[in-house]
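Okay, structure first, notes after.
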Amino acid sequence: MRFDIATLFPEMCEAVMGESIIGRARRAGLIKLYCHQIRDYTLDKHRRVDDSPYGGGKGMVMQAEPIYRCWQAVCAQLEEKPHVIYMSPKGSVFNQKKACELSRMKNIFVICGHYEGVDQRVIDKIVDEEISVGDYVLTGGELPAMVMCDCTARLVPGVLAAEECFTEESHFGGLLEYPHYTRPEVWEGMEVPPVLLTGHHKNIAAWRHEQAVKITAERRPDMLETSED
């Protein structure tokens, strides 16, 4: 699977996406991730990629042409059109179901906006969908892009040690995850639930499911309406 991130701050993305599990997956060749400097695709001698908005208003708008030229360059490398996502507060809110859907795609091209966003015409021309990571506004699309890529990439076969690493997590099956414990058995007077010490896999699984349902009912009762369990 390949991700191409079009951004004004490629170093920012590389600093995060080159570390930990995703960094190891990249080095192992399980996923490919490239960060493209949008300024490299402008025809402006000062490397400007933004201008004032038509109709007036505060802030600047990223121009369509540099983004479009960046997309064209990636298409030429791939010899096909990737699935294009624009990270936007106006988009559909990202969730685990969407991550699973994206993880089955071959190539994803992600556009990170800044300032007041990007010229609508490039969105209309090349973007397949707009995605938001929540009902709030950030200073740019880099953090949302990295969240989306991280969540999606970890579902690619081989990135995590086993499928159970993500199938038993919060949101995957419609429930929040059960609590975890490790050594020591007693800490600050608090004991590990006895069932986890029995080695009885069926009873442990039942306890974990019960806890997942309980936590979901307390914190996200809305999820129980669509839960698979």
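We use all heavy atoms of the structure for the numbers below, so side chains are in, but hydrogens, waters and symmetry mates are not.
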(message) When you compare the side chain of C100 with that of L155, does any pair of heavy atoms fall below 4.5 Å?
(response) yes

(message) Membership question, hydrophobic clusters at under 4.5 Å side-chain separation (ILVMFWY): are V127 and L78 in the same one?
(response) yes

(message) Before you tell me yes or no, could you show the steps for D222 and L224 under side chain to side chain contact (heavy atoms under 4.5 Å, CB included), namely the whole-Å CA-CA distance, both residues' side-chain angles and the distance that decides it to 0.1 Å?
(response) CA-CA 6 Å; D222 57 297; L224 291 178; over 6 Å; no

(request) Measure from the side-chain N and O atoms of E188 to the backbone N and O of M190, and report whether any donor-acceptor pair falls under 3.5 Å. (result) no

(request) Please check if the side chain of S92 supplies one atom and the backbone of I131 the other of a donor-acceptor pair under 3.5 Å. (result) no

(message) Could you check whether any side-chain N or O of T42 sits under 3.5 Å from a backbone N or O of R48, counting only pairs where one atom can act as donor and the other as acceptor?
(response) yes

(request) Might you point out which heavy atoms bring V118 and G113 nearest each other, and give the distance in Å? (result) CG1-CA, 4.0 Å

(request) Could you walk me through whether M87 and M148 pass side chain to side chain contact (heavy atoms under 4.5 Å, CB included), step by step? (result) CA-CA 9 Å; M87 307 308 301; M148 184 191 70; 3.9 Å; yes

(request) List in chain and number order the residues that pass salt bridge (Lys or Arg N to Asp or Glu O under 4.0 Å) with E14, two or more places apart in sequence or in another chain; answer none if no residue qualifies. (result) R26

(request) Flag yes if Y136 and Y86 sit in one hydrophobic cluster, no otherwise; membership is Ile, Leu, Val, Met, Phe, Trp, Tyr, and two members link when side-chain heavy atoms are under 4.5 Å apart. (result) yes

(message) Return the CE to OG1 distance between M1 and T152, rounded to the nearest 0.5 Å.
(response) 6.0 Å

(message) For P179 versus Q211, what's the shortest heavy-atom pair and its separation?
(response) CD-CB, 3.8 Å

(request) Please confirm whether the backbone N or O of Y41 pairs with a side-chain atom of R69, one donor and one acceptor, at under 3.5 Å? (result) yes

(message) Within a 6.0 Å radius of atom CZ on R47, are there more than 12 heavy atoms belonging to other residues, nucleotides or ligands?
(response) yes

(request) Kindly compute the distance separating CZ (F109) from CZ (R2), expressed to the nearest 0.5 Å. (result) 10.0 Å

(message) Looking at every heavy atom in both Q37 and P10, which two are closest together, and how far apart are they?
(response) NE2-CD, 3.5 Å

(request) Please examine the side chains of S132 and S88, heavy atoms only from C-beta on, and report whether any two atoms are closer than 4.5 Å. (result) no

(request) Under the side-chain contact (heavy atoms from CB on, under 4.5 Å) rule, collect the residues that match up with L196, sequence neighbours excluded. (result) Y181, V192, P193, I204, W207, R208

(message) Tell me if a side-chain donor or acceptor on H114 pairs with a main-chain N or O of T139 at a distance below 3.5 Å.
(response) yes

(message) Contact between M62 and I67 at the side-chain level, heavy atoms closer than 4.5 Å - yes or no?
(response) yes

(message) Quick check on Q77: does its CD atom have over 12 non-hydrogen neighbours (other residues, nucleotides or ligands) under 6.0 Å away?
(response) yes

(message) For H200, is there any backbone N or O sitting under 3.5 Å from a side-chain donor or acceptor partner on T198?
(response) yes

(message) If you compare all heavy atoms of V156 against all heavy atoms of L30, which two are closest, and at what distance to 0.1 Å?
(response) CG1-O, 4.0 Å

(message) Quick check for you: to the nearest 0.5 Å, what is the distance between T7 atom OG1 and R39 atom CZ?
(response) 10.0 Å

(message) If I compare all heavy atoms of P53 with all of K58, which pair ends up nearest, and what's the gap?
(response) CG-O, 4.5 Å

(message) Testing the 3.5 Å rule here: is there a donor-acceptor pair between the side chains of N107 and H83?
(response) no

(request) Report yes or no: does R27 contribute a side-chain atom to a donor-acceptor pair with the main-chain N or O of G18 at less than 3.5 Å? (result) yes

(message) With clusters defined by side-chain heavy atoms of hydrophobic residues (ILVMFWY) lying less than 4.5 Å apart, directly or transitively, does V84 cluster with V122?
(response) yes

(message) I need the full list of salt bridge (Lys or Arg N to Asp or Glu O under 4.0 Å) pairs touching residues 119-132, with sequence neighbours left out, sorted by first then second residue.
(response) K98-E129, D119-R121

(request) Answer whether the closest heavy-atom distance between the side chains of I126 and I111 falls below 4.5 Å. (result) yes

(request) Find out whether P82 and I108 are in side-chain contact, i.e. whether some heavy atom of one side chain is under 4.5 Å from a heavy atom of the other. (result) no

(request) Determine whether V93 and V133 make a side-chain contact, defined as any pair of heavy atoms from C-beta on separated by less than 4.5 Å. (result) no

(message) Are V110 and L102 linked, directly or through intermediate hydrophobic residues, by side-chain heavy-atom contacts shorter than 4.5 Å (ILVMFWY only)?
(response) yes

(request) Apply side chain to side chain contact (heavy atoms under 4.5 Å, CB included) to F3 and K32, showing your working. (result) CA-CA 6 Å; F3 299 89; K32 296 180 180 179; over 6 Å; no

(message) Counting only heavy atoms not in E80 (residues, nucleotides, ligands), do more than 12 fall under 6.0 Å from its CD?
(response) yes

(message) Quick check: closest heavy atoms across E116 and G59, and the distance to 0.1 Å?
(response) CG-CA, 3.8 Å

(message) Quick check for you: to the nearest 0.5 Å, what is the distance between I38 atom CD1 and W71 atom CH2?
(response) 14.5 Å

(request) Could you tell me the separation between the CE atom of M12 and the CD1 atom of I5, rounded to the nearest 0.5 Å? (result) 10.5 Å

(message) Any non-hydrogen side-chain atom of L33 less than 4.5 Å from a side-chain atom of C13?
(response) no

(message) Once rounded to the nearest 0.5 Å, what's the spacing between atom CD1 of I85 and atom CG of D4?
(response) 12.0 Å

(message) A side-chain contact here means heavy atoms from C-beta on lying under 4.5 Å apart; do L160 and I21 qualify?
(response) yes

(request) Establish whether Y34 and L8 are linked, either directly or via other cluster members, by ILVMFWY side-chain heavy-atom contacts under 4.5 Å. (result) no

